[in-house]
Novice: 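Once you've had a glance at the structure underneath, I'll fire off some questions.
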2 protein chains.
Amino acid sequence: MKARRANSREKILAAAADVARETGPGSLSLDAVASRAGVSKGGLLYNFPTKAKLMQALVEDYLSAFQQALEAARTNGVSGESPLAAYIRLSAEHAEESKPSASWIFSAIAEDPDFLTPIKSFRRQLFQRLKGETPNLRALLVCYLAIEGLRSMNLFGSDILSAEERRLLISTLLEIAE
Amino acid sequence: MKARRANSREKILAAAADVARETGPGSLSLDAVASRAGVSKGGLLYNFPTKAKLMQALVEDYLSAFQQALEAARTNGVSGESPLAAYIRLSAEHAEESKPSASWIFSAIAEDPDFLTPIKSFRRQLFQRLKGETPNLRALLVCYLAIEGLRSMNLFGSDILSAEERRLLISTLLEIAE
DNA sequence: CTTACTGTACCGTCTGGACGGTATTATCAA
DNA sequence: TTGATAATACCGTCCAGACGGTACAGTAAG
């Protein structure tokens with residue numbers, strides 16, 4: 001009963017992300033998502049009654065997944081590792097993935113710019129938290145912004161850094177973070 | 001003969017940027033741009049025969065303006081200042097502006113993701129150039145990425161850094177860049 | 001009888017852009 | 001000088017197609 005529902009839901013969400021990545025943020029139509037997910041349009045609208053709800057689910061899933069991964073990285077990380085270092089390491093892993101996992105964001109803000117607000121507030125909280133946990137403000141600023149830059153380049157599909165350069169960057173950031 | 005009326009072109013370009021920033025990337029319609037620019041739709045399509053041409057002009061203007069500003073910053077900058085430092089300083093100034101000067105980018109990639117390619121190749125060239133001019137690769141990587149992060153936050157309208165924190169970040173980056 | 005869909009048919013709105021005007025200015029012949 | 005012609009820079013309307021969303025009848029599983 002629940003398995004089938006959850007399955008469709010996730011298939012649709014994944015399909016939406018795929019369509020956005022492959023055919024561009026402006027081509028994320030309900031028809032395209034439905035056919036990609038192997039679901040009828042009626043079925044899509046049964047799971048997500050409006051396009052906005054679909055986008056919202058994308059945002060919420062993304063945020064909660066990141067949150068969970070961060071919590072895991074903090075506890076399972078190398079002992080003695082600072083929270084900032086854990087954040088760097090986690091974000092670096094995410095940026096390493098070839099698929100820009102979050103390019104649907106462009107579709108979301110094209111649909112309605114307000115979809116950025118939960119993301120922004122999530123980020124703000126995260127930064128404030130790191131600020132409280134990191135003694136060296138300058139190190140935090142440099143590392144946090146550099147990671148943000150990495151995230152941005154991944155999002156835009158930029159590949160101006162070689163894998164080696166990325167590794168050097170991360171190790172440097174980890175040194176700065178102590 | 002040409003210049004007098006041709007200020008329509010600039011008015012339209014400015015209007016497009018304004019509309020994109022204020023009403024969101026998904027609401028950048030030709031009608032909206034035309035009325036904002038104080039021009040009829042016919043007049044708009046006279047200056048830019050398709051929406052894609054309008055976007056292209058936005059991209060090209062942006063890139064050439066940045067290029068020019070960079071050249072100027074390099075020659076007019078403090079003597080003995082490294083090219084990387086000049087880049088940092090210039091980008092910091094741009095990021096300081098309250099208006100995210102480039103939020104039309106979202107509209108452009110919604111229209112057609114290929115609009116990113118000229119931007120990406122511009123960035124790649126810039127990075128390669130800085131790489132040739134900067135002895136310390138680690139410093140370049142950290143500074144370049146941090147600046148990219150700043151640009152990204154400005155683009156998304158994120159304001160999690162206070163003005164003071166931004167200043168501290170920039171001065172730290174300039175120190176790293178030597 | 002409910003849940004979770006499928007499938008089709010349909011509707012209203014929005015949008016890009018084609019098109020046929022129009023007013024102003026430039027070119028040039030008589 | 002003048003008058004015709006043509007190019008420029010724009011206006012305003014109209015239309016075809018795409019898209020979000022609705023409605024509804026059917027169905028297979030539990």
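Throughout, a chain's letter reflects where its sequence line sits, starting with A, and its residues are numbered from 1.
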Novice: Could you tell me which residues satisfy ring pair (Phe, Tyr, Trp, His ring centres under 6.0 Å) with A:Tyr87, sequence neighbours excluded, listed by chain and number?
Specialist: A:Tyr144
Novice: I'd like to check the salt bridge (Lys or Arg N to Asp or Glu O under 4.0 Å) partners of B:Glu96; sequence neighbours left out, ordered by chain and number.
Specialist: B:Arg166
Novice: Run the salt bridge (Lys or Arg N to Asp or Glu O under 4.0 Å) test against B:Asp114 and tell me which residues pass, sequence neighbours left out.
Specialist: none
Novice: Can you pull out the residues from residues 23-44 of chain B that lie within a 4.0 Å heavy-atom distance of DNA chain D?
Specialist: B:Val39, B:Ser40, B:Gly42, B:Gly43
Novice: Measure the distance from CZ on A:Phe48 to C1' on D:dG20 and round it to the nearest whole Å.
Specialist: 16 Å
Novice: Does any pair with a residue in residues 61-73 of chain A pass side-chain hydrogen bond (donor to acceptor under 3.5 Å, both in side chains), and if so which ones, sequence neighbours excluded?
Specialist: A:Glu71-A:Arg129
Novice: I need the CD1-C1' distance between B:Ile12 and D:dA9, as an integer number of Å.
Specialist: 11 Å
Novice: OP1 or OP2 of C:dA4 sitting under 4.0 Å from any side-chain N/O of A:Tyr46?
Specialist: yes
Novice: Roughly how many Å is it from CD in A:Glu111 to C1' in D:dG20, rounded to a whole number?
Specialist: 9 Å
Novice: Between B:Lys99 and B:Asp18, does any side-chain N to carboxylate O distance fall below 4.0 Å?
Specialist: no
Novice: Separation of B:Leu45 atom CG from D:dT13 atom P, in whole Å?
Specialist: 15 Å
Novice: For A:Ser8 and C:dA4, is the shortest distance between a side-chain N/O and OP1 or OP2 below 4.0 Å?
Specialist: no
Novice: Between B:Lys53 (NZ) and C:dG16 (P), how many Å, whole number?
Specialist: 17 Å
Novice: How would you list, by chain and number, every residue that makes a salt bridge (Lys or Arg N to Asp or Glu O under 4.0 Å) with A:Arg74, sequence neighbours excluded?
Specialist: A:Glu133
Novice: Are B:Asn47 and D:dA9 close enough that a side-chain N or O sits under 4.0 Å from OP1 or OP2?
Specialist: no
